[in-house]
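Lettering follows sequence order; numbering is per chain, from 1. Only heavy atoms go into these numbers, but all of them, side chains included; no hydrogens, no water, no symmetry mates.
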2 protein chains.
Amino acid sequence: MTSPSTPSPTRPTSAAGRGTRVRGTRQAEALGQVLADLPGFRSAQDIHAELRSRGERIGLTTVYRQLQVLSADGAVDTLRDESGETLYRRCATSAHHHHVTCRSCGRSVEVEGRAIEHWAARVAAEAGFTDVDHTVEIFGRCPDCAAEGH
Amino acid sequence: MTSPSTPSPTRPTSAAGRGTRVRGTRQAEALGQVLADLPGFRSAQDIHAELRSRGERIGLTTVYRQLQVLSADGAVDTLRDESGETLYRRCATSAHHHHVTCRSCGRSVEVEGRAIEHWAARVAAEAGFTDVDHTVEIFGRCPDCAAEGH
DNA sequence: GTCGCAAGTGAAAACGAATGTCATGTTCAC
DNA sequence: GTGAACATGACATTCGTTTTCACTTGCGAC
């Protein structure tokens, strides 16, 4: 939100020493920066628009591709909103967790529900299912959006 | 595709005084029949293909439209698979529940998790979110598909 | 510094699910 | 039986996402 301090973030000094596969390109760097700045889940097209509005010259294809790589790498979380669009967010932890997401501004809160994991594993096992995975997403209206009547 | 008990609920002779908009058309009848026969979640296109393979003359548009109406009516449940496609299934109960779904054959088991509802409501409230909704889906491999190596 | 090449990029085209359009067909009330 | 409202479906359109492929760029070798 209030991020007026944007001096020169696109400085590929040497901070790219993460587990990311991405090579040190200006686009990848800028994308990482935007992901770090945005507080909630955003669509690829949103992120692309944000990059463009910051003056970055980057193609939509690259945004999709990078997000795909980052997602496979576990560096960003993905979820699908009600309309089927895929939303992305860099999460603080790479451990398994879920989100409470605002359906109007995309802001999200990470929640950890050990109970849910157990429940999911149990009911799947009871049904005889193996190789089990689950998705749990909670959508709602965040306090700010509720206050503004969104 | 074992369809042992196939009652005839889709007989909107005069029982159409419900909230259902579906008029007694041949297509709606056939669609209801297919939904009753299919054991798991299937895509609209699957259902359309199944109808066609049964010799029904029905358009894809109609399938989508009917499924939409049935879904809004609570007569079928919907979920999105990993690829983003929407899947449909007629469920036994119209009460709120979740599913364990086989990711290769679409077969599903209904599970009721009161604990999940409470958990979702609680974590959302703790985050200050209102107007809360949630999705919980469990994907896995059903015993049959596991046995066949799918 | 410059050369070379693989990896990255991106505009445009392709793709696919889903929805809109509208002329035609069908059902139900009368 | 008749008519009008509603359902149908072939086709067009929308929209998010992926693929294609020619071009650019980072980076190690020289």
Sugar-phosphate, base or nothing in reach of B/Thr86, heavy atoms under 4.0 Å: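 Sugar-phosphate only.
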Whether the side chain of [X] engages the backbone of [Y] through a donor-acceptor N/O pair (distance < 3.5 Å, no angle test) should be reported.
X        : Y        : result
B/His134 : B/Val132 : no
B/Arg57  : B/Gln27  : no
A/Arg89  : A/Leu79  : no
A/Arg103 : B/Asp131 : yes

Whether over 12 other heavy atoms sit under 6.0 Å from A/His118 NE2: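 Open: at most 12 neighbouring heavy atoms sit under 6.0 Å from NE2 of A/His118.
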Non-hydrogen side-chain atoms of A/Phe41 and A/Asp77 separated by less than 4.5 Å: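 A/Phe41 reaches A/Asp77 side chain to side chain.
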Between [atom2] of [N] and [atom1] of [X], the distance in whole Å:
X       : N      : atom1 : atom2 : value
A/Arg26 : D/dC27 : CZ    : P     : 11 Å
B/Glu85 : D/dT17 : CD    : P     : 15 Å
B/Gln66 : D/dC6  : CD    : P     : 15 Å
B/Glu56 : D/dG9  : CD    : C1'   : 14 Å
B/Arg80 : D/dG16 : CZ    : P     : 13 Å
B/Ile47 : D/dG9  : CD1   : C1'   : 17 Å
B/Leu67 : D/dG9  : CG    : P     : 13 Å
B/Leu31 : D/dT8  : CG    : C1'   : 13 Å

Partner set under side chain to side chain donor-acceptor pair (under 3.5 Å) for B/His48, not counting sequence neighbours: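 Once residues adjacent in sequence are excluded, B/His48 has no partner under the side chain to side chain donor-acceptor pair (under 3.5 Å) criterion.
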Short side-chain N/O contact from A/Thr25 to OP1 or OP2 of C/dT9, under 4.0 Å: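 The answer is yes; a side-chain N or O of A/Thr25 sits under 4.0 Å from OP1 or OP2.
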side-chain N/O A/Tyr64 vs D/dT18 OP1/OP2, d < 4.0 Å: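 No.
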Sub-3.5 Å pairs of nitrogen or oxygen atoms, protein against nucleotides 10-13 of chain C:
{"from": "C/dG10", "atom 1": "OP1", "to": "A/Gln27", "atom 2": "NE2", "distance (Å)": "3.2"}
{"from": "C/dG10", "atom 1": "OP1", "to": "A/Arg57", "atom 2": "O", "distance (Å)": "3.1"}
{"from": "C/dG10", "atom 1": "OP2", "to": "A/Gly59", "atom 2": "N", "distance (Å)": "3.0"}
{"from": "C/dG10", "atom 1": "OP2", "to": "A/Thr62", "atom 2": "OG1", "distance (Å)": "2.6"}
{"from": "C/dG10", "atom 1": "O5'", "to": "A/Gly59", "atom 2": "N", "distance (Å)": "3.4"}
{"from": "C/dG10", "atom 1": "N7", "to": "A/Arg65", "atom 2": "NH2", "distance (Å)": "2.7"}
{"from": "C/dG10", "atom 1": "O6", "to": "A/Arg65", "atom 2": "NH1", "distance (Å)": "3.4"}
{"from": "C/dA11", "atom 1": "N6", "to": "A/Thr61", "atom 2": "OG1", "distance (Å)": "3.1"}
{"from": "C/dA12", "atom 1": "N6", "to": "A/Thr61", "atom 2": "OG1", "distance (Å)": "3.4"}

